[in-house]
Amino acid sequence: MDAFYASVATRDRPDLQQVPVIVGGGYRGVVLAANYPARAFGVRSGMPGTRARRLCPQAVRLPADHELFGAVSAAVMEAFRRVTPRVEAVSLDEAFLDVRGATRRLGGPREIAEELRARIHDEQRITCSVGVAASISVAKLASRLAKPDGVVVVGPEEIVEVLHPRDVGDLYGVGEKTRTVLHGLGFLTVGDLARTPVQELQHKVGRALGRQLHDLAWGTDRREVTPGRVSVFGHGGDPDRSMGAQRTFGRDQHEREVVLRELLTLTAGVARRMRAKGVAGRTVAITVRFADFRTISRSHTIAEASDVTQELYQAAVALYDALGLQRTPLRLVGVRVEGLVPRESVHRQGLLGEREHGWSDADRAVDRAAQRFGRSAVRPASLLDPSGRQSGSARGSA
DNA sequence: TCTGGGGTCCTAGGACCC
DNA sequence: TCTGGGGTCCTAGGACCC
């Protein structure tokens, strides 16, 4: 999709089509999406909101409506699957489609691309761009060239001609850091990489990256489209490797109590998602970001995989306390659970006198109540507002 | 008012095992 | 008798993607 969040947020606003619009980018936030008029001022997604406002003070700022974005995304993915079941969602607004099996039914790749764009436009009233090629990485590059609202087909005989003159930073998987390193090594264009023997590349930048860069430079990456690879969309496919949550404080926090309360909120949310997905994890990791943006992580692997909020939280607290922070202001805290496995594959040792069975039951009761009455209906007592007021749509607490 | 939040993958060192 | 080689797991950090 082109400028997805901005397109969706303004699709019922004809008055905003020609003026700069920014979604997100509030206090301490970054721009989620900028429409094309805003991009003309240099605003880009991922940019700090403060910088975006300096570049384009007159832009209209819209809040992110994640529920709406999710619904539109689901509809778009569904439209993709009417073309082919071989859809690999990359994110809410982007997917790889393997259309080899659809050509007999729907025509050549360009016809399929235009048909897809017409459907999305008719059904969702937003535009998208399509890149077509024989490999994922070249198709990805082609789609970038096609933006906005276009189609670019790169045939096999055109790959070298399209790829080699481009900056190495245009390759999928080459970000700013790698681009700088490559430029420093004298690799400016994709052609420079292509003309260098793999072994030499690997020696200079590492085994995996060297191999990858060489493949990318020739457009020969063999990666197949893997349906349902991104699990956000819940269509089976590969299981998640990890689940996590993190939060930037509105203002840096140094009180242990405040930080732990946030850790509990985050852990409870992650554990709830894990239970909903039927997975448990053994490795608990916390992330801490200091006021100067320095970021560290600590992790601990427990004996048995768990999806129990209390157990995961206890591990997180131990990691936090082991840091020995003395009222150090923190900008962000995060929790992540790694090494996820299906819950059925976990067999509990269940030591005598352990309470985890009780905690697990409590979690499930909370999940059911939250499903019926809303997520804010039930929460740990330590997360209750001490003033007694209820936030949001909470109806009661336990 | 500098810099979100959700992820994946790779590297490198050390422990540990055979 | 002065030091092997292969493999796995754990931990921390970092690059990258959207």
Side-chain angles (χ1 to χ4, degrees), chain A residues 1-5 22-34 44-55 63-64 66 69-70 73 88-96 136-137 140-141 143-144 147 169 171-182 202 205-213 216 223 226 229-233 237-252 266 269-270 273 277 282-303 315 319 322-323 331-340:
Chain A
M1 305 305 112
D2 301 328
F4 180 59
Y5 291 2
I22 294 172
V23 177
Y27 178 69
R28 282 196 154 183
V30 300
V31 174
L32 288 176
R44 298 286 181 273
S45 59
M47 178 181 280
T50 48
R51 178 140 178 256
R53 254 157 287 155
R54 269 204 306 278
L55 288 169
H66 292 287
F69 298 153
S73 170
E88 175 177 334
V90 176
S91 66
L92 281 186
D93 74 323
E94 181 173 346
F96 295 117
I136 282 181
S137 68
K140 170 72 189 169
L141 180 68
S143 78
R144 231 186 293 159
K147 280 183 181 297
L171 292 175
Y172 188 42
V174 176
E176 203 173 314
K177 305 280 180 171
T178 306
R179 177 176 182 271
T180 303
V181 168
L182 291 175
Q202 290 178 313
V205 301
R207 209 167 55 87
L209 185 58
R211 175 83 251 170
Q212 190 198 351
L213 288 174
L216 290 172
R223 190 160 84 69
T226 312
R229 196 162 189 269
V230 174
S231 61
V232 189
F233 305 94
D238 292 358
D240 292 294
R241 308 250 175 189
S242 69
M243 284 194 199
Q246 56 180 49
R247 192 166 99 90
T248 296
F249 294 115
R251 151 193 285 204
D252 294 353
L266 294 168
V270 171
R273 283 160 54 208
K277 283 269 189 178
R282 281 185 63 208
T283 302
V284 178
I286 66 165
T287 298
V288 162
R289 175 124 78 213
F290 300 104
D292 65 1
F293 224 71
R294 191 169 64 90
T295 308
I296 61 172
S297 66
R298 292 292 182 270
S299 65
H300 176 69
T301 301
I302 55 184
L319 288 166
L323 288 174
R331 182 186 178 91
L332 166 150
V333 288
V335 185
R336 176 160 294 277
V337 182
E338 302 163 357
L340 301 186

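The sequence lines fix the lettering, A, B, ..., with proteins before strands; numbering per chain opens at 1. Worth knowing before you read on, the calculation uses all heavy atoms, side chains too, and leaves out hydrogens, waters and symmetry mates.
Distance A/Arg289 CZ to B/dG5 C1': 10 Å, rounded to the nearest Å. To the nearest angstrom, C1' of B/dG5 lies 12 Å from CZ of A/Arg247. Rounded to an integer number of Å, the gap from A/Leu340 CG to B/dG6 C1' is 14 Å. Straight-line distance from the CG atom of A/Asp252 to the P atom of B/dT1: 16 Å, rounded to whole Å. Regarding A/Arg336, its CZ atom lies at a distance of 12 Å from the P atom of B/dG5, rounded to whole Å. When rounded to the nearest whole Å, the span between CZ of A/Arg211 and C1' of B/dC9 equals 17 Å.
The closest side-chain donor-acceptor pair between A/Ser242 and A/Arg336 falls under 3.5 angstrom. Neither side chain, A/Ser299 nor A/Thr283, offers a donor N or O lying under 3.5 Å from an acceptor on the other.
A stacked arrangement is assigned to A/Phe293 and the six-membered base ring of B/dT3, with a centre-to-centre distance below 5.5 Å and an interplanar angle below 30°.
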Legend entry - Under 4.0 Å protein heavy-atom contact, by nucleotide of nucleotides 11-18 of chain C - B base, S sugar-phosphate only: SSS-SSSS

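Side-chain atoms of A/Asp2 and A/Asp93, non-hydrogen and from C-beta on, never get closer than 4.5 Å to each other.
A/Gln246 places no side-chain N or O within 3.5 Å of a backbone atom of A/Gly334 that could act as its donor or acceptor partner. One N or O on the side chain of A/Lys147 and one on the backbone of A/Met1 form a donor-acceptor pair closer than 3.5 Å.
For residues 172-181 of chain A, every residue pair satisfying the side-chain hydrogen bond (donor to acceptor under 3.5 Å, both in side chains) rule, not counting sequence neighbours, is listed here: A/Asp167-A/Arg179.
Nearest-nucleotide positions on DNA chain B for A/Pro48 and A/Arg207 put A/Pro48 closer to the 5' end. Between A/Val205 and A/Ala291, the residue anchored closer to the 5' end of DNA chain B is A/Ala291, taking for each the nucleotide with the nearest heavy atom.
At least one side-chain nitrogen or oxygen of A/Arg282 sits closer than 4.0 Å to the OP1 or OP2 atom of C/dC10. Put simply, A/Arg331 has a side-chain N or O that comes within less than 4.0 Å of OP1 or OP2 on B/dT3.
Interatomic distance, CD1 of A/Ile22 versus CE of A/Met47, reported as 8.5 Å (0.5 Å rounding). Remark: A/Leu332 CG to A/Arg247 CZ distance equals 9.5 Å, nearest 0.5 Å.
Of the candidates B/dT8, B/dG4, B/dG5, the closest approach to any side-chain atom of A/Ser242 belongs to B/dT8. With B/dT3, B/dG6, B/dC9 as the choices, the nucleotide that has an atom nearest any side-chain atom of A/Arg28 turns out to be B/dT3. Checking B/dG4, B/dT1, B/dG5 against every side-chain atom of A/Arg53, the shortest atom distance belongs to B/dT1.
Here A/Thr248 lies in heavy-atom contact (under 4.0 Å) with sugar-phosphate atoms only. Within 4.0 Å of A/Met243, counting heavy atoms only, lie sugar-phosphate atoms of the nucleic acid but no base atom. Residue contacts for A/Leu332: at a heavy-atom cut-off of 4.0 Å it reaches the sugar-phosphate backbone alone, with no base atom in range. Residue contacts shown for A/Gly25 are absent, as no nucleic acid heavy atom lies under 4.0 Å away. Among the protein residues, A/Ala285 comes within range of no part of the nucleic acid, since none of its heavy atoms lies under 4.0 Å from any strand.
Listed by first residue number, the stems of DNA chain C with at least three Watson-Crick or G-U pairs below 3.5 Å are B:5-18 with C:5-18.
One P atom belongs to B/dC2, the other to C/dC18, and the distance between them is 28 Å to the nearest Å.
Annotation: cation-pi geometry satisfied between A/Arg289 and A/Phe293 (NZ/CZ under 6.0 angstrom from ring centroid, within 45° of ring axis).
Ion pairing between a basic and an acidic side chain is recognised when a charged N comes within 4.0 Å of a carboxylate O; A/Lys140 and A/Glu94 show such pairing.
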